[in-house]
2 protein chains.
Amino acid sequence: MRPTTKDLAKAAGVSLATVDRVLNGRSGVREKTVKAVNAAILRIGFERNQVAATLARQRAYRFAFALPRFGDEFLDEIIDRIREFDRAGRAEMVEVDVIRLDDHDPHRAARTLSRLSAEDLDGVAIMAPGTPQIRDAILRMRERGIRTIPFIANQQLHGDEGFVGIYNRGAGATAGRLMGRFLGRLSGSIAVLTETTQSRDSLERRLGFDGVINRDYSNLKILPTLETHGDPGRTQHILRNALHAHRDIVGLYFMGAEARVPIEVSRVLTATNDRVAIAHERTPSTEHALKTGELDAVIHQDPGHLVRSAVRILRAKCENRTTLASQERIRTEILIAENI
Amino acid sequence: MRPTTKDLAKAAGVSLATVDRVLNGRSGVREKTVKAVNAAILRIGFERNQVAATLARQRAYRFAFALPRFGDEFLDEIIDRIREFDRAGRAEMVEVDVIRLDDHDPHRAARTLSRLSAEDLDGVAIMAPGTPQIRDAILRMRERGIRTIPFIANQQLHGDEGFVGIYNRGAGATAGRLMGRFLGRLSGSIAVLTETTQSRDSLERRLGFDGVINRDYSNLKILPTLETHGDPGRTQHILRNALHAHRDIVGLYFMGAEARVPIEVSRVLTATNDRVAIAHERTPSTEHALKTGELDAVIHQDPGHLVRSAVRILRAKCENRTTLASQERIRTEILIAENI
DNA sequence: CAAATTCTGAGGTACGCCCCTCAAAATGTA
DNA sequence: TACATTTTGAGGGGCGTACCTCAGAATTTG
């Protein structure tokens, strides 16, 4: 039988009340006693029964995802996964919710975070830039007893163990390698499209992509990044111009999270499928394009996994546990028509 | 507040005892009463609190993996993940164990399964061929109240919902596509190695691989599969012969689960890395070979995911729940140096 | 109609922990 | 030494469910 708190109390030579105080970090226990209890924990191999602990808490774990108010197809996907998790998690006493942040107004966003109370929230996964206001708001949340982890966007704060996100540089490098290998001995240029080059995602991906191509594929030349601003008309315009100005374009790299528009535009503009096209994120559009051959590969990070991983880590923080590292590593997946 | 069994009893106009009888499928309740309770469940949106239910069971969930006695590097990996899960799962009242089956002797294997009792086991994930003896043993286990799911190997039994396994045909096709694309316009032959062509894994992978190459890459010719029988000396011998007999070998496909020996041998035999080499399963050997460039891609299915998924499904069966389908789909991952 | 059978209700205990109160003991301070 | 303060012990109630017993009610059977 696994040792219980009662066994632990006996082993440590203290009462149940003291064991409880130590286990839950309550005050009013001498250092010496704390040490004695911890020693007993190791000695008898006590491990708190999380099932009983969760039940006794008298309330479900309540977590939230703080996400930007406006986003792309990929963000929608994440929100869907959060809702899905919420439905499935209720029987396990876990509730998750979505909070929208005005990412264009750091003050408002920070204020939104400031209003969150430990009364009705155990932890938050935050997807927001690391501006001073936001970083400050996060620190104050922590003081209030709300656990936080950076989600997708990293705020580079101290104590940010358990970042759940995307390794964009690696994702870009992966795209670069596939582009280089798929093109083989072919020479020519590669057009790169994204919504905006301002975002860190785009910067890092481009960095990874360039690194591989420039080092290993001297036959290929990467053109300056084209910005679509998410506008179909503009996308069509700039892509047509690019294809016209550079007759040797052999590869298309859709670097942004919103590949739908570029894919459609390039379908219209390109009669044949002989250019290698690579995009990011599995969405209905990219999935379909893979099947038809309009895309040759998609670099993907599973949003469901991101969500579940974030919740597991938040919960582990609440329970002073560590998680299975191998389970939390978010994979940079390569999708082709054969393995979607 | 979420409705509890007490609320349900009130809503259905019955006692707690009757609610309990219905929820846990005990006998001695009139059909009419069962219907009334079920109607009330839907009406008030009752959902059993799994945390409380698990605690009240007075014992942990006990699951087992029935695995072949002898296996390859990949099976070792799976066993490691099972042990790991067991350690991490104790706090959640889940215990998992490994049972070894004599896969060469269906009678003995069936007998081993027959000895398992519902007393000390809630469910088993079974990796065994679907021989009549084994299928029969599985059916009798189910009658005894032990939940079962096929694991990796499918026994094709009725009621096998929730197969956790590998889609070998797709994995082979994925390997084929990458081989074709990585080789580009190059012409030549592809050598295929595996431990034994007898296994269904090998058959299906080869089928998928051939399908893609033969349809789309007329410049490539696939040689007959070479069998290593896991013997380094023999591997070296047959690979040297093949490279000698077919000077035009441009691709190597290591189809088996044990790629270590073939990789080492081909390193010795091949001075340059200009042949495309693809293997299955991430292991220390294949990971290292990816980094050094001896392998160009690895097709992988995450063993940790396989294990966790199997446990989740078994547990859901015990609790009459369904699982999140999106979480249980085992991905055919493509690994290259940039995304390991 | 009575007897046998089936169904239901009432009540209890248990799981392992959280969280609370209050008094007693140990320690520190003047 | 007397007092204040800190630390500890003892005990209880609660979470929502599982599982048990036993008596009484409802239903079926002869």
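Just so it is clear, the model here is predicted, and its values are computed rather than measured.
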Could you tell me whether a side-chain N or O of B:R90 sits under 3.5 Å from a main-chain N or O of A:R2, the two making a donor and an acceptor?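 No, the answer is negative, given that no donor and acceptor are paired below the 3.5 Å cut-off.
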Check whether B:R144 reaches the backbone of B:S114 with its side chain - one donor and one acceptor, N or O, closer than 3.5 Å.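 Yes, because the side chain of B:R144 sits within donor-acceptor range (under 3.5 Å) of the backbone of B:S114.
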Rounded to whole angstroms, how far apart are [atom1] on [X] and [atom2] on [N]?
| X | N | atom1 | atom2 | result |
| --- | --- | --- | --- | --- |
| B:R26 | C:dT6 | CZ | C1' | 18 Å |
| B:R321 | D:dT17 | CZ | P | 14 Å |
| A:E31 | D:dT6 | CD | C1' | 15 Å |
| A:N320 | C:dC18 | CG | P | 11 Å |
| B:Q58 | D:dT17 | CD | C1' | 10 Å |
| B:D20 | C:dC7 | CG | P | 16 Å |
| B:K6 | D:dC15 | NZ | P | 7 Å |
| A:M93 | C:dC17 | CE | P | 16 Å |

Specify the residue among A:A17 and A:T5 whose closest nucleotide of DNA chain C lies further upstream toward the 5′ end.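 Result of the comparison: A:T5.
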Output the single nucleotide from [options] whose closest atom is nearest the side chain of [X].
| X | options | value |
| --- | --- | --- |
| A:A53 | C:dG16, C:dC19, C:dC17 | C:dC17 |
| A:R30 | D:dA18, C:dG9, C:dA26 | C:dA26 |
| B:T33 | C:dT8, D:dA18, D:dT17 | C:dT8 |

Is the shortest side-chain N/O distance from [X] to OP1 or OP2 of [N] below 4.0 Å?
| X | N | result |
| --- | --- | --- |
| A:R48 | C:dC18 | yes |
| A:T4 | C:dG16 | no |
| B:T18 | C:dT8 | no |
| A:S15 | D:dA10 | no |
| A:N49 | C:dC17 | no |

Remember a base hit wins even if backbone is also touched, and classify B:V14 as base, sugar-phosphate or nothing at under 4.0 Å, heavy atoms.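 Sugar-phosphate: the residue B:V14, judged by heavy atoms under 4.0 Å, touches backbone atoms but no base.
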Could you verify whether a donor N or O on one side chain and an acceptor N or O on the other, from A:R315 and A:T54, lie under 3.5 Å apart?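 Checked: A:R315/A:T54 side chains pair up, N/O donor to acceptor below 3.5 Å.
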In terms of heavy-atom contacts, does NZ of B:K317 have more than 12 from other residues, nucleotides or ligands at under 6.0 Å?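 It does: B:K317 NZ has more than 12 such atoms within range.
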For atom CZ of B:R43, is the number of surrounding heavy atoms from other residues, nucleotides or ligands below 6.0 Å larger than 12?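 Yes, CZ of B:R43 has more than 12 neighbouring heavy atoms, counting only those of other groups under 6.0 Å.
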Would you kindly compare B:E47 and B:K32 by the position of their nearest DNA chain D nucleotide and give the one closer to the 5′ end?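 Looking at the nearest nucleotide for each, B:E47 comes out on the 5' side.
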Between D:dG9 and A:R21, counting only base atoms on the nucleotide and side-chain atoms on the residue, is there a donor-acceptor pair under 3.5 Å?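 Under the 3.5 Å cut-off, the side chain and the base do form a donor-acceptor pair.
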